[in-house]
Structures are given as structure tokens and as C-alpha cells.
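Throughout, protein chains are lettered first and strands after them, A, B, ... in sequence-line order, and every chain is numbered starting at 1. None of the values given here were measured: they were computed from a predicted structure.
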Amino acid sequence: MRTYITTPIYYVNAVPHVGTATTTLLADAQARYHRMQGLDTWFLTGTDEHAQKVSDAAIAAGETPQAFVDKVSQSFVEAWKFLDCRYDTFIRTSEDRHKDVVREVFQRLEKSGDIYLGVYEGWYSVADETFFRDTDVDDNGIVKETGAKVERIREDVHYFRLSAYGERLKEHILTNPGFLIPDTRRNEVLAFIEQGLRDIAISRKNAGWGIEVPGDSSKVVYVWFDALINYLTESGWPKNPAWNQTWPATAHLMAKEIFTRFHATLWPAMLMALDLPLPKHVVGHGWWVVRDEEGLLGKASKSKGNIPTPQAVVEKLVDASGANPLVARDALRYYLLRDIRFSDDTEFALSMLQSRYNAELGNDLGNVLNRVLKAGYFGGTLPTEAALDAGLQADALKAKDAYIAALATYDWGTALQAVNGLLACVNRYLATTAPWKAAKAGNAADVDTAIYNALEGVRFAAVLLLPAMPHAAGEVLRQLGLSPDVASGDFDRLTTFGALPFGGQTAVGDVIFPRLAFPVPTVEAAPKAAKSEQKSSGETKPVDQTSPAADATSSEITIDDFIKVQFRIADITHAEKIEGAKKLLRLEVQLGEEKRQIVSGIADSYTPEELIGMQIVVVYNLKPAKLRGVESQGMLLAATDEDGKAILLQPAKRVVSGAEVR
RNA sequence: GGCGGUGUAGCUCAGCUGGUUAGAGCGAGGGAUUCAUAACCCCUAGGUCAUGGGUUCGAGUCCCGUCGCCGCUACCA
């Protein structure tokens, strides 16, 4: 049975940035760790290419979609190469092997009744690749949440019976505590399921790009339904009899925005419908948020979506430290793995990277190596014998235990912290044993003991760091006279304290982590391909978290603002509950000659009967909006009492219907 | 509106099922040292543990209210 780890397949219309990179790095480090343990490890990443906007972008660029995705997919290949992410497969949804599986899934579910034909009328956002309901869209045809434009579509579409799987899914989540990581997301998913799952439209009109629905070439499979299946495609299901060696996946890793709806709900439901086992872990991490480097402008000035590319960051590190580019690249790997959090967003700042780099890589790791290798009392040949220091040995094993425990939940931050703790122990050990003093005193045996144990501690730590920093940790090993190449299954042997061979020859080398000079220069952000392109990308979203409150110096408005709002007196001529809604009433009102319909959420405060005949105040020039499918042409004014009940505002005396209020 | 989370030293964060003087790292200050990348080692940081009540012999850690922030979700007009 394989250990099968996946990243999302990334959307091909944005350049990989440090957010996307983090997901891939988590997978890469984890895969390297498992390989080192000797597990049969399979690491998949790839690109998601069947989106309508991909097709649109290609046409805009005067290319065929396939040529376009070929090109852009390559930028991901290059980014992962740059970061030395060693995936086993790079899957592309435009591959035939994937299309075949998608069709197979479609047909099976159609046969089982989990997919049925229906009519969809509503909004679709190409930018988000998502269907929206009326309440998600404002009056200008803009999705409230994402700011994307929508188009009205009415077409026959296939639906997936997602609603049928809520209970089973909930049961699975409750009985498998490690299924969804972290807990905060798990809670969200449970809440999401408990409020009731709706069937989801999974086909669209065929615009010439995508996987055709079997038996109906006028449609293509909805991109998300298509994309998620890639994880299964890789296993060879259903034709390859050995598919169950790869499936179920051990872990799907991703950023938080595609966790709840897709990977923790839709995908498991699809698998349940297919009668296939669910992945062991679904892991979501938070986003990197970027703000101006000096922080002088405070939280409100977080830059808009300017999340840098890995290449740009590394370039700056090299400039600022003179480090080997591969070391600088590993320093970025280290920082991203060390500081990303799962339950929350994390601030991305070069000053923080610098802090980690100088403190943990330079001062602790790099320096502790040098203070022995370059010491006058050390000649470059390891002692031929030395007793293990029990205290340091215990420290090493403790770090290893903490490391392993953390990685059981993909928590690289904690794992790397444990390694750093070990390095601190080695530094302390050297301060205590002071081999330079023993050397002066002519105490050769004590010198040997100190040298051996200290270097062994460094070696031990370097092995644990190998998955996070393949080059830099390898360089540490090389300077210790060891091979940086670790064979599969070597983990236990290499993390035995005392594995450093006696009598070896160390290698002279440059300072591995030269200190970063102050101040850190700023980094140019990744070019932004399109607005709000990140929604279904499976990548970390560039951040624009500027809060409205932070921008507004106050909530005051001018008289000019106020004048824009027209209030009128209206007579309620009819009122009734809206079926299926708890709080909504549909009111018919008379404004002079004009009749209007208003939807209001006051059913818990007023009965329809008592409303009829009342005179109320309404906002007259509010753009109509649909609530629960019913158009509301205005809004009524009401106060809220201490119980949260609505108290309607009424004129003190009856006035003529439609009268203006000033 | 509902649900979930969160508010702990200048900064970033730990603090499980309540129990001696509230912790770590970074930064800052002091000391020591000189093997090393002005690194390392030691000491110090006196933070009303957001706030107001409550339960308890005892609460950062449980309960209720309030304020701020974040996330999810909605029938927010």
C-alpha cells in the first residue's frame, strides 16, 4: 500500500507564488520524509486545465486552449523544479487517461442515479468557475463575495446528488478524527453539512473546451467535478487491477479556500457515490498575507494581492547574504514550512524570513557546525573513538520523537522547531564541554568526546532537516564528510545517535548560511494574471484583506450622501409568508399610484394579518434584489428591540400614500 | 443573523482534562566567553493572561454577559 500525497492541481492562468509553493513544499517535504522512512511514496501535483476562463484567455491570446495550457502548465513545472520539489507525477486534466476516468465516473453515477438531468437557471461566473444563486449576486451582476461578473444562463444540466450524502459524510468525519485537519476547518465542514447540502450542477454547455459529457456532446463536465477526479485517475482506477495500491490517498494537501466545499464535501461524497474509500487525511493550511515590508503603514496598508514569486524572494536573499542560490532557495523552503499555520493566516514578510534565517539557520545550524569544523583544536579528522554523551543523545531522540509526532499531522512548523531545539542543545553542550579549553589543557580524550558528540548532534539534526532543505542540509552532511544522498529506508539508521563514523575526514567548505544584511530589500510581487483568479485554483490566494473599517476614517456621511436616499410612506395592502423561509414575508404596498412588492425578514415579529393596513416608511430608490427567489422592490424601515424583534417605523398620523419623507 | 474560532510579555506564538512564584523563540538590556558567521552560553524582561460578573478551597484554563478581530454560513433590502 502506497503513501500517496497530493497537492491540488493548480489553475494554469496564474504564476506560482509563495502561497502555491507552500502547498507543494508541504507535500514535497512530507514525501521526502516518507521516502527516507522507506515507505512506498507517491507524490502527485499537476495542473487543472479545463476551465472556461482558460479557454477564454487562450482565445484572447490568439492561441488554441491546448497550446495555451501547454505553455502555462510549464511555468508550474519550472517553479517546482526551481524549488526542487520532487513529485512522482505531474498530472494534467487534459490528458486522455484523465478524461477516460472522468467519463467512467460520470457514467457510473448516472447509472446509479447519483447524477440526474435537471434545468439550471441562474448565474454563472466564469472567473470563479462557480454557479451562483440570486442571493450571491448584487444588482449589477457582480458576485458579492468575489467581485466577479456573472452571466445569466438557463440550460439543461446534470446534477450530482450531493444532498444524499450529508449524513454519511458527517458520520465519517465524526468517527475519523484525523480525517480533516486542522480542527477549525473540521468544525466548519460539520457546520456546512449540518445546514443541509444541495445538489450541485456538474455539467455546462460545451464551448469547445473541457471533457464532454458521455452521450451528450453538447455539454462538458463542470470543471470542479472533473478536477477532483484527478486524484483517482492517478491510481489507475478502474482498469488497472492494482489501483487499490495507490488509492485511497494518504493525504490531500491544499490551502483553506478549497477545503470545505470541494475537498471535504464534494469529493468525499463523490467517492461515497462510487463506493470507493475516502482519503485518509485532508489537510488545509492558511494563507500568507502580505503587507508593506516595513510595516510602517500598519495593518490597513496590506498591499493588494502582491504576493511574491519564490524566484523573486530567492534572488533577494542571494543579494543580501551572498549565500549560494541553492542555499537561499532552501532558506525559503525552510521559512515557508516553518511558519505557515494551518488554522490561521500568517504574515509573509522578508523581515520574518530574515529573522528565521539569521537566528535558526545562521546562528544555530551554520554556526554550530563551523565552531567545530573551523576550530583550531580540530584538525579535520574525526576522533577514532569517543563515548556518546547520554544527555545529548537523549536530546536528539527527544527531538526525533517530537519531529515524528508533528509530521503525523503534517505539522512542519513544530517539526522544524524540534530540530532547532536540538541544535540549541548542541551549542549548549559545546559551551559546557569547552573543547578549546580541554585542548589547551592537553586533554585529548575530552576534546575528542566533545568534537564527536557535537558533530553527531549536528549530523542528526541535518538528517531531520533533509526533507525541508535537501541541498543545504545535504551540504552540512557533505562538510561532515558524509554523503548527502540518503537511500530510501535510511531514516532509522541515520537517526540513531552515534551513527557518525569514527575517524572520518571532514570537508572544507564555505560558510553555508552567511548572515543576511540589514535592511532586507523589498521584493517585487508576482504579476497578476487576472482579477480574482485564485478562487478555485487550489492555491494560496493573494491577499487583499484591507478592511473597510480601516479605510474609512469615520462612518459619517455628508448631507449629500443622505439626500440620495429617498424615503416614502407606503400602505401595506397585502402580506404573506414566503414558503420555505422562516423569517421572510412578501408584502404588497401602495405608494400613491404605484404598487410594489417588498420582501422583508420580519416574520418573527409580525404576522401577515396585523401588517395589512399599516402605514410604513420604505426606501424608495433602492435597487431591486431577489430574496429567496422573490423580487424585493425596496426596503422597509424598522427599529430592533432588545429581543431582536423588528419594530416598524410608522408616521405619527396617517399621511397620503406615497408621501416623501425628509 | 447563525455557527466556529480568537484576543496571553515590544513582536510571533505555547499553555491538555482548572492547582505551587503564567511559558518559549525573536527583539532589547546586562554579564561571561573567545572555539565559531559580533555568532554561542548565562541572567534580566515584572505581561490587570481583552473586559465585567459568576462557579470553586483554587481559573489564563469552566459558566454567563460585553467589546475587538478572524473564518464559515445564511431567508442580511
ask   = To the side chain of A:R198, which of B:rA74, B:rG71, B:rA77 is closest?
value = B:rA74
query = Quick one: do A:D446 and A:K437 make a salt bridge, cutoff under 4.0 Å?
reply = no
inquiry  = Work out how far the C1' atom of B:rC16 is from that of B:rG53, and round it to whole angstrom.
reply    = 27 Å
task = Taking atom C1' in both B:rC62 and B:rG18, compute the distance separating them and give it to the nearest angstrom.
result = 7 Å
query = To the nearest Å, how far apart are A:Q597 CD and B:rA77 P?
reply = 15 Å
Rounded distance [0.5 Å steps], CD1 in A:I340 versus CH2 in A:W412 = 15.0 Å
query = How close or far is atom P of B:rC72 from atom CD1 of A:I193, stated in whole angstroms?
reply = 16 Å
request  = Nearest whole angstrom, please: distance from the C1' of B:rA77 to the CG of A:L585.
outcome  = 13 Å
request  = Taking atom P in both B:rC13 and B:rG7, compute the distance separating them and give it to the nearest angstrom.
outcome  = 10 Å
remark   = Here the pair of heavy atoms bringing A:L516 nearest to A:Q354 is CD1-CA, 3.5 Å
key: Ring centre gap for A:F348 and A:Y335 strictly below 6.0 Å   = yes
Distances for protein N/O vs nucleotides 29-33 of chain B N/O pairs under 3.5 angstrom?
none

Nearest-angstrom distance, P atom, B:rA45 to B:rG10 = 13 Å
ask   = If you check the A:E188 side chain, which of B:rC72, B:rA77, B:rC26 turns out closest?
value = B:rC72
inquiry  = Expressed as a whole number of angstroms, how long is the span from A:D183:CG to B:rC16:C1'?
reply    = 13 Å
request  = Carefully, step by step, assess A:F513 and A:N358 under the rule side-chain contact (heavy atoms from CB on, under 4.5 Å).
outcome  = CA-CA 8 Å; A:F513 301 102; A:N358 281 341; over 6 Å; no
Contact nearer the 5' end of RNA chain B, comparing A:D344 with A:R356 = A:R356
ask   = Which heavy-atom pair separates A:Y357 from A:A323 by the least distance, and what is that distance?
value = OH-CB, 3.8 Å
task = Give one of base, sugar-phosphate or nothing for A:T260, where a contact means two heavy atoms less than 4.0 Å apart.
result = nothing
request  = Please state the P separation for the pair B:rG5 and B:rC42 - nearest whole angstrom.
outcome  = 39 Å
query = Dot-bracket for RNA chain B: what is it, with Watson-Crick or G-U pairs under 3.5 Å, [ ] where a pair crosses earlier ones, and | for a pair to another strand?
reply = (((((((..((((.....[...)))).((((.........)))).....(((((..]....))))))))))))....
message = As an exercise, state the distance from CZ of A:R586 to CD of A:Q597, rounded to the nearest 0.5 Å.
response = 4.5 Å
request  = Please state whether the rings of A:F179 and A:H172 are parallel, tilted or perpendicular, taking 30° and 60° as the class boundaries.
outcome  = perpendicular
Interatomic distance at C1', B:rG68 relative to B:rG25, whole Å = 27 Å
note = Rounded to whole Å, CG of A:D345 lies from C1' of B:rG71 at a distance of 9 Å
remark   = Which of A:L317, A:D330, A:V318 passes side-chain contact (heavy atoms from CB on, under 4.5 Å) with A:P325? It is A:V318
query = With a 4.5 Å limit on heavy-atom distance, are the side chains of A:D183 and A:R186 in contact?
reply = yes
query = Can you check the A:Y357 OH to B:rC26 P distance for me, whole Å?
reply = 17 Å
request  = State whether A:K440 places a side-chain N or O below 4.0 Å from either non-bridging phosphate oxygen (OP1 or OP2) of B:rU34.
outcome  = no
key: Nucleic acid footprint by protein, nucleotides 37-44 of chain B - heavy-atom cut-off 4.0 Å, B for base, S for sugar-phosphate alone   = B-SSSS--
ask   = Rounding to the closest angstrom, what is the interatomic distance between B:rA22 and B:rU61 at atom C1'?
value = 11 Å
query = Does a sphere of radius 6.0 Å around CG in A:D510 hold more than 12 heavy atoms from other residues, nucleotides or ligands, not counting ones at 6.0 Å or beyond?
reply = no
request  = Using the C1' atom as the reference point in each nucleotide, state the distance between B:rU8 and B:rA59 in Å, no decimals.
outcome  = 14 Å
Whole-Å gap separating P (B:rA24) and CG (A:D339) = 19 Å
remark   = When every non-hydrogen atom of A:T265 is compared with those of A:V189, the smallest separation belongs to OG1-CG1, 4.1 Å
A:R338 CZ - B:rC26 P separation (whole Å) = 10 Å
ask   = Nearest nucleotide by nearest heavy atom, which residue falls closer to the 5' end of RNA chain B, A:I598 or A:R341?
value = A:R341
ask   = What orientation do A:F342 and A:H285 show, parallel under 30°, tilted 30 to 60°, or perpendicular over 60°?
value = tilted
